[in-house]
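Worksheet for the structure shown next.
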Amino acid sequence: MSEKPEETEHPSDFIRELIRSDNEQGTYGNRVQTRFPPEPNGYLHIGHAKSICLNFGVAGDFGGTCNLRFDDTNPEKESADFVIAIERDLQWLGFESDRGTLYASDYFEQLYTWAEDLITKGLAYVDDQDAEAISDTRGDFTTPGTNSPFRDRSVDENLDLFRRMRAGEFGDGERVLRAKIDMTHANMSMRDPLMYRIRHVTHHRTGDDWCIYPNYDWAHGQSDAFEGVTHSFCTLEFENNRELYDWFLDQLELPHDRPRQTEFGRLGLTHIITSKRKLAALVASGKVEGWDDAQMSTLSGLRRRGYPAKAIREFCDHISVGRVNGTTEVELLESFVRTELNKVALRRMAVLDPLKLVITNWPTDANGNPVIEMREVINNPEDDTAGTRQVPFSGELWIERDDFMIDPPKKFFRLAPGREVRLRSGYFVTCTDALTDADGTVTEVHVTYDPETAGGSAPDGRKVKATMHWVAAATAVQAEVRLYDRLFVSPQPSAGGADPLDDLNPDSMQVVAAAQLEPELAETPLGEVVQFERIGYFAHDLDRAMIFHRTVGLRDEWARIQKRNG
RNA sequence: UGGCCCUUAGUUCAGUUGGAAGAACGCCUGUUUUUGGUACAGGAGGUCGCAGGUUCGAACCCUGCAGGGCCAGCCA
């Protein structure tokens, strides 16, 4: 089986159409170069996966290249830790930067040179106004801005001041370099945008080499151009920046064809947040264990939760890209996770809410203990090569509490007094009795088994309506199992500017302290995802043995019937 | 009394040159089944945002309107 993301055909979309059109017209001589440009100020989330699949996917489809490039122009928020986490997540998702890891900070010197060029051309100036004054004179959507009193300085004075900015002669915020465009422009981002600000802050890569740092608009397009990017994809909120992106590139002598920015709609998912800022707030709140908590919608979190990288890739290919900021139902993502896991996850038996089942006619050994018999059980009915395993069966078993009812309602066809069911790969058993405590809670179920039904089928051809999973009590191992529900109650936790932290589901995690598992589960490698038969897919934690996270449940017809009946 | 962008099924998206409204997921029904899973088959679900116009013919072209998104960080 290939681990490469090439296994899917990408449906066409407006971006691929655009590239086809570029290739037909020879815009870039059939060259396609993209980039994935995260800022290292947090972990990657599921929304980034869409961008990654787009950028790397498009490059792959058209024989082009794609690079990971960190947009590390704001040292106050960025760190090497985030760089490492992002590189790891990208690799886990199944992608590799063609030229290794690139950094906008590697171009600081080039950017500085280009900035002096702009000053020399009279297209940039040093502004002595403070942040407040600059803001006040920018105007707003309906009123034009006014020119800075420093706008018409001479080239020589600008050059001198800019060099002194770099040399560290001024304090933070005392001066900025601005592009000289048009303070009355209808597009706010064209009203003499800032190119450099002074920050005496240590950068995670360039250390203290610089005390002036380029702003996004002055770093991004130039980095694209410097690298030879042809197609620069970003999300819709950068639409207004495109005019400035083009303006800057128009003023410079570029080493390659001019890159073009194209925006696409970002991914939104119900009951999930896809905002690094809000994810950071969640981490800071202490409501989760960290960026890589299994409840987080970060790639690290989803990995711990057991989401296969392939499922995420196929989901991203399926939703495709458009120019709409939509919200996809999280169920669609989960469906891709189930589809993948159904094919690859080994089946195991685990009882989450144990109820004792005693087989009253089961043989005992010389000491009077129930005999233990090894049963051969199929590892994955969807995959013949997965083979079988031996699972101990005996006269005292754990079954799921909700698999038994003393007084079963109409469509319940699991175990009940007088009823016969199949214990998977074991025997048919018939319920003879149930013990209850003072509250009426069932404490023990008594059954008899039919020795003729070894392996799970009756020679006389009689049928049962239910097959149940089980774990032999004497040989069971225990584990902590974490059952997850939606982290956020409302489908759109950030709607209308709401704070998602106010929408946290208090019951998002239910911890089963001591689930009873078949012994084989103790051998499951860390990080592996298995199916607990009839329950769902569960991921062994990445670091802690015998902690399992519910990745996603199986579709549950019985739960649906119950829900329908209130 | 600004600019740019968006609007097709519950959701995400296709819909070629203007020529009979589609897929996936979700939901419902049935078949199969040693997982109430899976697989397979079928069904329901649409004022193509609204109103005009052009045309023999408009989801598609034009105009207007409505609704939504983004933009007034020395964030990206």
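Proteins come first, then strands; the chains are lettered A, B, ... in the order of their sequence lines, and each starts at number 1.
Using a 4.0 Å heavy-atom distance criterion, A/Y213 is classed as making no nucleic acid contact. Within 4.0 Å (heavy atoms only), A/V321 reaches sugar-phosphate atoms of the nucleic acid but no base atom. A/N187 comes within contact range of no nucleotide atom at all, as no heavy-atom separation falls under 4.0 Å. Within the 4.0 angstrom heavy-atom criterion, base atoms lie near A/V176. Residue contacts shown for A/S189 are absent, as no nucleic acid heavy atom lies under 4.0 Å away. Counting any heavy atom pair closer than 4.0 Å across all strands shown, A/N241 reaches a base atom. Residue A/R323 is in sugar-phosphate contact alone, with no base atom involved, counting any heavy-atom pair closer than 4.0 Å across all strands shown. Nucleic acid contact class of A/G456 (heavy atoms, under 4.0 Å, all strands): base. Nucleic acid contact class of A/R138 (heavy atoms, under 4.0 Å, all strands): sugar-phosphate only. Across all strands, A/T143 comes closer than 4.0 Å to no nucleic acid atom at all (heavy-atom distances). Across all strands shown, A/K465 has no heavy atoms under 4.0 Å from either base or sugar-phosphate atoms.
The base of B/C74 lies close enough to the side chain of A/R199 for a donor and an acceptor atom to sit less than 3.5 Å apart. Remark: the A/E329 side chain and the B/G10 base include a donor-acceptor N/O pair separated by less than 3.5 Å. Side chain A/Q531 to base B/U35: a donor-acceptor pair is found below 3.5 Å. Judged by distance alone, with hydrogens and angles left aside, A/E243 brings no side-chain donor or acceptor close enough to the base of B/G3 to form a pair under 3.5 Å. Judged by distance alone, with hydrogens and angles left aside, A/R414 brings a side-chain donor or acceptor within reach of the base of B/G36, the pair sitting under 3.5 Å.
Checked for salt-bridge contact, A/R175 and A/D127 miss the test: no charged N lies under 4.0 Å from a carboxylate O. Between A/E376 and A/R389 no salt bridge is recorded (no basic side-chain N to carboxylate O distance below 4.0 Å).
Contact between the side-chain N/O atoms of A/R560 and the OP1/OP2 oxygens of B/C27 is found at a separation under 4.0 Å. Using a 4.0 Å cut-off, no side-chain N or O of A/T270 falls inside it from OP1 or OP2 of B/U11. Close to B/C75, at under 4.0 Å from its OP1 or OP2, lies no side-chain N or O of A/R277. For the OP1/OP2 pair of B/A76 and a distance below 4.0 Å, the side-chain nitrogens and oxygens of A/R197 include at least one atom meeting the criterion.
Checked against the 6.0 Å centroid criterion, the rings of A/F532 and A/F548 qualify as a close aromatic pair. In this structure, the ring of A/F238 has its center less than 6.0 angstrom from the ring center of A/Y216.
Note: A/Y43 and A/F82 have perpendicular aromatic rings, judged against thresholds of 30 and 60 degrees for the angle between ring planes.
If you check the side chains of A/E87 and A/T101, you find a donor sitting under 3.5 Å from an acceptor.
Between A/E382 atom CD and B/C40 atom P there is a gap of 10 Å when expressed in whole angstrom units. Remark: C1' of B/G37 and CG of A/D403 are 14 Å apart, rounded to the nearest angstrom. Rounding to whole angstrom units, CZ of residue A/F150 and C1' of B/C74 are separated by 16 Å. For the pair A/D140 CG and B/G73 C1', the computed distance is 16 Å after rounding to whole Å. Note: CG (A/D556) to P (B/C27) measures 11 Å, nearest angstrom. Atom-to-atom, CG of A/N240 to P of B/G3 comes out at 13 Å; the value is rounded to the nearest Å. We find that CZ of A/F238 is positioned 19 Å from P of B/G69, with the value rounded to whole Å. In this structure, A/N325 places its CG atom 9 Å from P of B/C13, rounding to the nearest Å.
No option in A/W218, A/Y125, A/F162 other than A/W218 meets the side-chain contact (heavy atoms from CB on, under 4.5 Å) test with A/M195.
Nearest heavy atoms, A/E39 versus A/D71: CG-O, 3.5 Å.
Ring stacking holds between A/F141 and B/C71, with the centres under 5.5 Å apart and the planes within 30 degrees of each other.
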Exercise. In dot-bracket, 5' to 3', how would RNA chain B read with Watson-Crick or G-U wobble pairs under 3.5 Å, [ ] for crossing ones and | for pairs to another strand?
Worked result: .((((((..((((.....[..)))).(((((.......))))).....(((((..]....))))))))))).....
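For the pair A/D460 (side chain) and A/R462 (backbone), a donor-acceptor distance under 3.5 Å is present.
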